[in-house]
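Everything on this sheet refers to the single structure shown next.
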2 protein chains.
Amino acid sequence: MTETVIQKPDYETALREAGVRITRPRRVILGILTDAEDHPDAMEIFKRAVALDPSISLSTVYRTMKLLEGIGAIHRHAFEGGPSRFEPAIGEHHDHLIDIETGDVIEFHSERIEELQQEIARALGYDIVHHRLELYGRRRRKK
Amino acid sequence: MTETVIQKPDYETALREAGVRITRPRRVILGILTDAEDHPDAMEIFKRAVALDPSISLSTVYRTMKLLEGIGAIHRHAFEGGPSRFEPAIGEHHDHLIDIETGDVIEFHSERIEELQQEIARALGYDIVHHRLELYGRRRRKK
DNA sequence: CTCTAGTTGCAAACGATTTGCAATTGCATT
DNA sequence: AATGCAATTGCAAATCGTTTGCAACTAGAG
């Protein structure tokens, strides 16, 4: 029987290697990120953090996310009409399908689309530094 | 000899049909939009407007953009790291390649990518309401 | 255990955008 | 052309998400 192995990122080690101190609030936030199975925004992370340690401030959440983003440990996504949402940077690149009714985020990947993007950019005389592909959809009503 | 015909949208008529009054500030803003060949943001539109009529306010620019967006006459694009930028909604659908050095916006379209997106959404049980595909790139250095 | 640079919480500042309000103005009606 | 009033304006203040200055606090090297 095959188990789907969900790999968890070791944010603490990554930060230490970047010469950053591991403080109590940071440990709490990193724990939340490690456990998160969704794509929470800063306020959501803050709420979860406050539940564990009421003294944590929203600023620290933002500062920690910025740090992690800086060392490439997480990705920040500015989906339409809402605050930035975060996800671990582990695993292969993927794009997102956002359920416009629930806000749920579904990940997908299309090598074919990636190739086409490259071709297009190349034809226009550009090298792609990064891209953003987001599908905003509604769950098809099962008939 | 074939001429590229650039079609200009008739914002004024569109607004009138939507039961909206055409005021002096609106006329100025619509004129700017009609003439714009780029993808200006609200502040840029405001600056161009003030040059023609110093009494125009930024609020009115925002309100007018919202109106036009509401009737589907323009599209608002929230490209990374900057204010929303606008473009006329005439012409066929296209995506954007943003020059990360100059901010220039290049339009492109790939029917193949559109199809693939549909397939992906469908496979995930979703109907696409809209999407966002943005390539952020750097002009390839001509060797 | 000490020392200090890194980190914190707080409140204030920020940039983009929206909004309340009293004054103004399109424009349908006379 | 003059009237009337709802739509629209400019302004300032409010909003939202996020960042920042600062004095107090603490991780962790020595």
Side-chain angles (χ1 to χ4, degrees), chain A residues 11-33 39-71 74-86 103, chain B residues 11-33 39-71 74-86 103:
Chain A
Y11 297 118
E12 198 165 317
T13 302
L15 283 180
R16 278 215 150 82
E17 283 170 0
V20 170
R21 288 188 188 167
I22 303 306
T23 62
R24 174 150 166 57
R26 278 186 186 149
R27 223 182 303 269
V28 171
I29 293 167
L30 299 185
I32 288 163
L33 292 179
H39 296 64
D41 57 38
M43 183 52 72
E44 178 59 33
I45 294 167
F46 173 62
K47 283 179 187 155
R48 295 180 197 177
V50 164
L52 302 177
D53 176 347
S55 76
I56 286 174
S57 78
L58 182 54
S59 315
T60 296
V61 172
Y62 275 111
R63 282 192 272 235
T64 302
M65 300 322 281
K66 184 157 282 245
L67 261 182
L68 292 170
E69 198 187 354
I71 65 173
I74 61 171
H75 286 146
R76 172 192 301 252
H77 300 292
F79 298 137
E80 283 185 359
S84 293
R85 298 171 65 169
F86 306 90
Chain B
Y11 297 117
E12 197 165 318
T13 302
L15 284 179
R16 279 216 151 81
E17 284 172 356
V20 168
R21 287 185 188 169
I22 303 305
T23 62
R24 176 151 164 55
R26 280 187 185 149
R27 224 183 303 267
V28 171
I29 293 167
L30 300 185
I32 288 164
L33 292 178
H39 295 66
D41 59 38
M43 184 52 70
E44 178 59 33
I45 294 167
F46 173 62
K47 283 179 187 155
R48 295 181 196 176
V50 164
L52 302 177
D53 175 348
S55 76
I56 285 175
S57 77
L58 182 54
S59 316
T60 296
V61 172
Y62 276 111
R63 282 192 272 237
T64 303
M65 300 322 280
K66 183 156 283 242
L67 260 182
L68 291 170
E69 199 187 353
I71 66 173
I74 62 171
H75 287 147
R76 171 192 301 252
H77 299 291
F79 298 137
E80 282 185 359
S84 294
R85 299 171 65 170
F86 305 90

For [N], take OP1 and OP2 only and decide whether either is under 4.0 Å from a side-chain N or O of [X].
X       : N      : value
A/Tyr62 : D/dT18 : yes
B/Lys66 : C/dT18 : yes
B/Ser84 : C/dT17 : yes
B/Ser59 : D/dC11 : no

Please report, rounded to the nearest Å, how far the [atom2] atom of [N] is from the [atom1] atom of [X].
X       : N      : atom1 : atom2 : answer
B/Leu15 : C/dG26 : CG    : C1'   : 14 Å
A/Leu58 : D/dG17 : CG    : P     : 10 Å
B/Ile56 : D/dC11 : CD1   : C1'   : 15 Å
B/Leu68 : C/dT17 : CG    : P     : 15 Å
B/Glu44 : C/dT17 : CD    : P     : 13 Å
A/Phe79 : D/dC16 : CZ    : P     : 22 Å
B/Arg76 : C/dA16 : CZ    : P     : 13 Å
A/Asp41 : D/dT19 : CG    : C1'   : 16 Å

List for me each residue that meets salt bridge (charged side-chain N to carboxylate O under 4.0 Å, His left out) alongside [X], sequence neighbours excluded, and say none if there are none.
X       : answer
B/Glu80 : none
A/Arg26 : none
A/Arg21 : none

Validation row: [X], [Y] side chains within 4.5 angstrom (heavy atoms):
X       : Y       : result
A/Ile45 : A/Thr64 : no
B/His77 : B/Ser84 : no
A/Ile74 : A/Tyr11 : yes
A/Ser57 : A/Thr60 : yes
B/Ile71 : B/Glu17 : no

Give every pair of a protein N or O atom and an N or O atom of nucleotides 26-30 of chain D that lie under 3.5 Å apart, one pair per line with the distance.
{"residue": "D/dA27", "atom": "N3", "partner": "A/Arg21", "partner atom": "NH1", "Å": "3.0"}
{"residue": "D/dG28", "atom": "OP1", "partner": "A/Arg16", "partner atom": "NH2", "Å": "3.4"}
{"residue": "D/dG28", "atom": "OP1", "partner": "A/Ile22", "partner atom": "N", "Å": "3.0"}

Rounded to the nearest 0.5 Å, what's the gap from [atom1] on [X] to [atom2] on [Y]? Could you check?
X       : Y       : atom1 : atom2 : answer
A/His75 : A/Leu68 : NE2   : CG    : 11.5 Å
A/Ile29 : A/Arg24 : CD1   : CZ    : 11.5 Å
A/Phe86 : A/Glu44 : CZ    : CD    : 12.0 Å

Notebook entry, point to check: End-to-end bend of the helix from C/dC1-D/dG30 to C/dT30-D/dA1 (five-pair axes, 10° rounding)?
Noted result: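 That helix gives 30° between its end axes.
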For nucleotides 22-24 of chain C, which of its nitrogen or oxygen atoms have a protein nitrogen or oxygen under 3.5 Å away, and what is each distance?
none

Notebook entry, point to check: For B/Arg26, which contact category applies under a 4.0 Å heavy-atom criterion: base, sugar-phosphate, or nothing?
Noted result: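 Answer is sugar-phosphate: B/Arg26 comes under 4.0 Å of backbone atoms only.
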Notebook entry, point to check: Quick check: does any side chain N or O of A/Arg85 sit under 3.5 Å from a backbone N or O of A/His39, one acting as donor and the other as acceptor?
Noted result: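 Yes.
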Checklist line | First encountered from the 5' end of DNA chain C, between A/Arg63 and B/Pro83 | finding: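 Per heavy-atom nearest nucleotide, the more 5' residue is A/Arg63.
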